[in-house]
Amino acid sequence: MNSTNPSNKGAVTRELILARALEMADAKGLDALTIGTLADAAGMSKSGVFAHFGSREDLQLAVLDAAARVFTDEVFVPAMRERRGLPRLRAVLQAWIKRTLRYGENRGCPIGAAALEFDDRPGAVRDRVLQHIRHLLKEITRAVNIAVEQGHLRADTDAEQIAFEVHGLMLAFQFEVKLVAKERAVAHVEVGVERLLEALMVSPTD
């Protein structure tokens, strides 16, 4: 007898809808995402989408959370295979660069796009964007602090400042990938990252 758990089927359907919504947000930004456009893209009725996401705002929040999970899976999780400290920090930054290049000129990060779209629009979406950005900066700060603890970076390293500078480099990289040329963008970001890290590395004579 074939017995399908309705709750499991509903969860699978929700994830499929969310994956389609994430693709749309990648391509056009979070603000372009509506229940109607998603229903059309997913081949569903509006009521079918509403059954899983009760409002446009709920949908947008779910997409932001999904985007954060994808970023973690693509950038931070693979880096955990590397040795603690500077090797792991380098792996995070290289994975971030590769991810940006893989998205290329036609896709973007929904969280980054939403930061521009909702920066002056108070509400739940702006709050969730800020939450994810703060979490990202916290994780970069933590990775820098571990590199300090491992003796790879100088003891006087300001980890929060480095996280801010790394974030700025990556944002500039994303803009240049889309607006200038990938080759130049890669060269610029790699030089920027190395210059930043080399200035902080512990020398053999220290």
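With sequence neighbours excluded, the residues satisfying side-chain contact (heavy atoms from CB on, under 4.5 Å) with V186 are L101, F173, E190. The salt bridge (charged side-chain N to carboxylate O under 4.0 Å, His left out) search around D120 returns none, not counting sequence neighbours. Here H167 pairs with nothing under the side-chain hydrogen bond (donor to acceptor under 3.5 Å, both in side chains) rule; sequence neighbours left out. For L130, the side-chain contact (heavy atoms from CB on, under 4.5 Å) partners two or more places apart in sequence, or in a different chain, are R134. Taking A95 as the reference, V75 meet the side-chain contact (heavy atoms from CB on, under 4.5 Å) condition, with sequence neighbours excluded. Remark: R14 pairs with no residue by the salt bridge (charged side-chain N to carboxylate O under 4.0 Å, His left out) rule, at least two apart or across chains. Scored by the side-chain hydrogen bond (donor to acceptor under 3.5 Å, both in side chains) test, D65 finds R128, H132 as partners (sequence neighbours excluded). Remark: S47 engages S45 in a side-chain contact (heavy atoms from CB on, under 4.5 Å) (not counting sequence neighbours).
To the nearest 0.5 Å, atoms CG (L86) and CD1 (I146) are separated by 12.0 Å. In this structure, I162 CD1 and L89 CG are separated by 9.5 Å, a value rounded to the nearest 0.5 Å.
Here the closest heavy-atom approach between residue T37 and residue A32 is recorded as OG1-O, 3.7 Å. The shortest heavy-atom contact between R121 and R126 is O-CB, 3.4 Å. Between V92 and A79, the shortest heavy-atom distance links the atoms CG2-CB, 3.5 Å. Nearest heavy atom pair, residue A124 against residue L61, reads O-CD2, 3.6 Å. Nearest approach of V63 to P110, heavy atoms of both residues: CG1-CB, 4.5 Å.
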Output side-chain donor-acceptor pairs under 3.5 Å for residues 111-118, partner residues at least two apart or in another chain, one line each.
unit_1 : atom_1 : unit_2 : atom_2 : d
E117   : OE1    : L30    : N      : 3.3
E117   : OE1    : D31    : N      : 3.2

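The closest side-chain heavy-atom distance from V77 to F71 is not below 4.5 Å. At least one side-chain heavy atom of L59 sits less than 4.5 Å from a side-chain heavy atom of I35. Counting heavy atoms from C-beta on, the side chains of I17 and M44 come closer than 4.5 Å.
Applying the ring-ring contact (aromatic ring centres under 6.0 Å, His included) rule to pairs touching residues 40-61 yields nothing, sequence neighbours excluded. Evaluation of the salt bridge (Lys or Arg N to Asp or Glu O under 4.0 Å) test over residues 72-94, restricted to residues two or more places apart or in two chains, returns E74-R99, E74-R102, R90-E194. Under the side-chain hydrogen bond (donor to acceptor under 3.5 Å, both in side chains) criterion, no residue pair touches residues 138-153, with sequence neighbours excluded.
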side-chain contact (heavy atoms from CB on, under 4.5 Å) between F164 and D158: does it pass, once the steps are laid out? CA-CA 10 Å; F164 174 84; D158 184 338; over 6 Å; no

Where do V189 and M170 land on the side-chain contact (heavy atoms from CB on, under 4.5 Å) test, with the steps shown first? CA-CA 7 Å; V189 74; M170 291 302 178; 4.2 Å; yes

Evaluation steps, side-chain contact (heavy atoms from CB on, under 4.5 Å), between Q60 and R56: CA-CA 6 Å; Q60 290 173 328; R56 183 189 183 200; 3.5 Å; yes

Tell me, with the steps shown, if R154 and M201 meet side-chain contact (heavy atoms from CB on, under 4.5 Å). CA-CA 6 Å; R154 296 200 318 260; M201 289 173 59; over 6 Å; no

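In this structure, L200 is a member of the same hydrophobic cluster as V148, with clusters built from ILVMFWY side-chain heavy atoms closer than 4.5 Å.
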